[in-house]
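Following: one structure in structure tokens, then a few remarks.
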2 protein chains.
Amino acid sequence: MNVGQVAALAGVTVRTLHHYDRIGLLRPSGRTSAGYRQYAPADLDRLHQVLLYRELGFPLEEVATLLDDPAADPAAHLRRQHQLLRDRLERTSAMVAAVEKEMEARAMGISLTPEERFEVFGDWLPEEYAAEAEEKWGGTDAWAQSQQRTRAMTKDDWLRVKAETDDVEARFATALRDGVPADSEPAMDLAEEHRQQLSRNFYDCGPEMHGGLGRMYVEDERFTAYYERIAPGLAQYVSAAIQANAARQG
Amino acid sequence: MNVGQVAALAGVTVRTLHHYDRIGLLRPSGRTSAGYRQYAPADLDRLHQVLLYRELGFPLEEVATLLDDPAADPAAHLRRQHQLLRDRLERTSAMVAAVEKEMEARAMGISLTPEERFEVFGDWLPEEYAAEAEEKWGGTDAWAQSQQRTRAMTKDDWLRVKAETDDVEARFATALRDGVPADSEPAMDLAEEHRQQLSRNFYDCGPEMHGGLGRMYVEDERFTAYYERIAPGLAQYVSAAIQANAARQG
DNA sequence: GCTTGACCCTGACGCGACGTCAGGCTGTTC
DNA sequence: GAACAGCCTGACGTCGCGTCAGGGTCAAGC
């Protein structure tokens, strides 16, 4: 099998294979008399490993030492790759969650702290700078302005959306006052309306994601505060209704 | 806020911020009289966006055009980032699944085709090369050799593991023959034993992942064949027992 | 047997996104 | 006022290839 075919199979360029040959990361196990590189099955195995580790962010030199380590059998590589991939999965979910939180915060007109936003970019160094930043900008209206600036619907759109939101929230509050159980059908219907409203106006929000948001309403004090200001106990109530609705759909 | 603080907060180096300044991707909104870069809250917002898009693999120049596009409000960025992150999540899960499949294949002494292995590296170009490769190596013993070579437990270990595996499989076959329902307790216990055996000898296999493997036993013909050779109907039976066991644990 | 066109080779230079000094100013602290 | 951490601007280095340039190879068709 020669370069072009291997390249097509593995989804890399010929140049990449040349490169790997030159740096000794993956030398084809043979050459034709004309000097054409000939790749054997074992070479493909190795290429596969190389691409996996590369995808996982290892520099090529390190990939070489990993793969040339005689103490590491293939099973060890698989285990390591498995672990690394799961780490990555976790990190990506965290980032997804962060973006969803940000979207939800925008929808509710809450603004997150910069620490929170950067939190997801690994290796988080705590306190220290947090305190400092709070001090510098915490109470000022810089945040308020920045928030204004970033809110870029037309004013009419925004007012319409705001009215919709207020409406559902008010009906939630009424239901709570009238003692309608959070897991009753009317409450779940309200939750469903809330979810569809989000989906229409902000971002696509499936029941599962909605459930995550619901949890956040009781776990993050700023979101809690938002609802508690409307009516005491409302955060808990809305969250419960959302959970019930999500369960109903699952 | 000056470079060092921003760098620490965002988890990047000062040099990176210098770079972003020079290429015009992120210019601090002010300078002190001494020439020190001064970053404002809005700059942090932008930095956050930059890092997200960078993480998602965009070249910096493209990030700049994305962020400077006056038609794209912040919500649009969030939606796009959300979508991209979800894509990535999906891709990573696919890779995790591929690695798990490979591990399981090894455990059973089956070897996957190179096409399958590379499949997960996106933008898959079909047929064409698949056929070609089959033709070249399909029936030869090159694969068998490569498989031998890569199997690097000590022989004793391997024999012990093989005996364990055979034992559970035989007991599954007996249960099937005796008409023990796949969702009965003894069958589920066997499934659990199977799971724990995998975890001990090969890789950490939680109930959920085990369920995925079970499905593969009936969906992938080579895995099916492996069990059918032991006893007809065994693939289906084992798969069902695994599902039942997974459900019992969840 | 000869041309054509796809494929292969080896340099060699270029590039993106920084890392890493070097040489020098700033600003706080004791 | 001296020390030391932190900031500045060049400028060169590195990694993982992309992209020509200049030239050999090979299967197909005439």
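Keep in mind the model is a prediction, meaning the values are calculated, not measured. Throughout, protein chains are lettered first and strands after them, A, B, ... in sequence-line order, and every chain is numbered starting at 1.
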Which residues satisfy the side-chain contact (heavy atoms from CB on, under 4.5 Å) test with [X], sequence neighbours excluded?
| X | value |
| --- | --- |
| B:Ser93 | A:Leu89 |
| A:Arg27 | A:Asp21 |
| A:Gln83 | A:Asp87 |
| B:Ser29 | B:Ala40, B:Asp43 |

- Task: Could you list by number each residue of residues 16-29 of chain A showing a heavy-atom separation from DNA chain C of less than 4.0 Å, or answer none if no residue does?
- Result: A:His18

- Message: Taking 4.0 Å as the cut-off, does a side-chain nitrogen or oxygen of B:Arg54 come that near to OP1 or OP2 on C:dA17?
- Response: no

- Quick one: is B:Thr32 getting a side-chain N or O under 4.0 Å of the C:dT26 phosphate, OP1 or OP2? no

Can you tell me the distance, in whole Å, between the [atom1] atom of [X] and the [atom2] atom of [N]?
| X | N | atom1 | atom2 | value |
| --- | --- | --- | --- | --- |
| A:Gln38 | C:dC9 | CD | C1' | 13 Å |
| A:Asn2 | C:dC8 | CG | P | 5 Å |
| A:Tyr39 | C:dC8 | OH | P | 10 Å |
| B:Arg37 | C:dT26 | CZ | P | 15 Å |

- Message: Need two values: the first and the last nucleotide of DNA chain D, 5' to 3', having an atom under 4.0 Å from any heavy-atom of chain B.
- Response: D:dG6 to D:dA11

In Å, rounded to the nearest 0.5 Å, how long is the span from [atom1] of [X] to [atom2] of [Y]?
| X | Y | atom1 | atom2 | answer |
| --- | --- | --- | --- | --- |
| A:Arg37 | A:Leu26 | CZ | CG | 10.0 Å |
| A:Leu17 | A:His19 | CG | NE2 | 11.0 Å |
| B:Leu44 | B:Met1 | CG | CE | 6.0 Å |
| B:His82 | A:Glu100 | NE2 | CD | 3.5 Å |

Going by side-chain hydrogen bond (donor to acceptor under 3.5 Å, both in side chains), name the residues that satisfy it together with [X], two or more places apart in sequence or in a different chain.
| X | result |
| --- | --- |
| A:Tyr20 | A:Arg54 |
| A:Thr13 | A:Thr16 |
| A:Arg86 | none |

Between N or O atoms, less than 3.5 Å apart, protein on one side and nucleotides 1-3 of chain C on the other: list the pairs.
none

- Item | Given DNA chain D, 5'-ward residue of the pair A:Arg15 and A:Tyr36, judged by closest heavy atom | A:Arg15

Using distance only, find each side-chain donor-acceptor pair of residues 58-70 of chain B under 3.5 Å and give its atom names and separation, not counting sequence neighbours.
unit_1	atom_1	unit_2	atom_2	d
B:Thr65	OG1	B:Glu62	O	2.9
B:Asp68	OD1	B:Arg46	NH1	3.0
B:Asp68	OD1	B:Arg46	NH2	3.0
B:Asp69	OD1	B:Ala71	N	2.8

- Degree of bending in the helix from C:dG1-D:dC30 to C:dC30-D:dG1 once both end axes are built from five pairs, to 10°: 10°

- Between B:Leu60 and B:Ala34, whichever has its closest DNA chain C nucleotide further toward 5' is B:Leu60

- Query: Between B:Gln49 and B:His77, is any side-chain donor less than 3.5 angstrom from a side-chain acceptor?
  - Reply: no

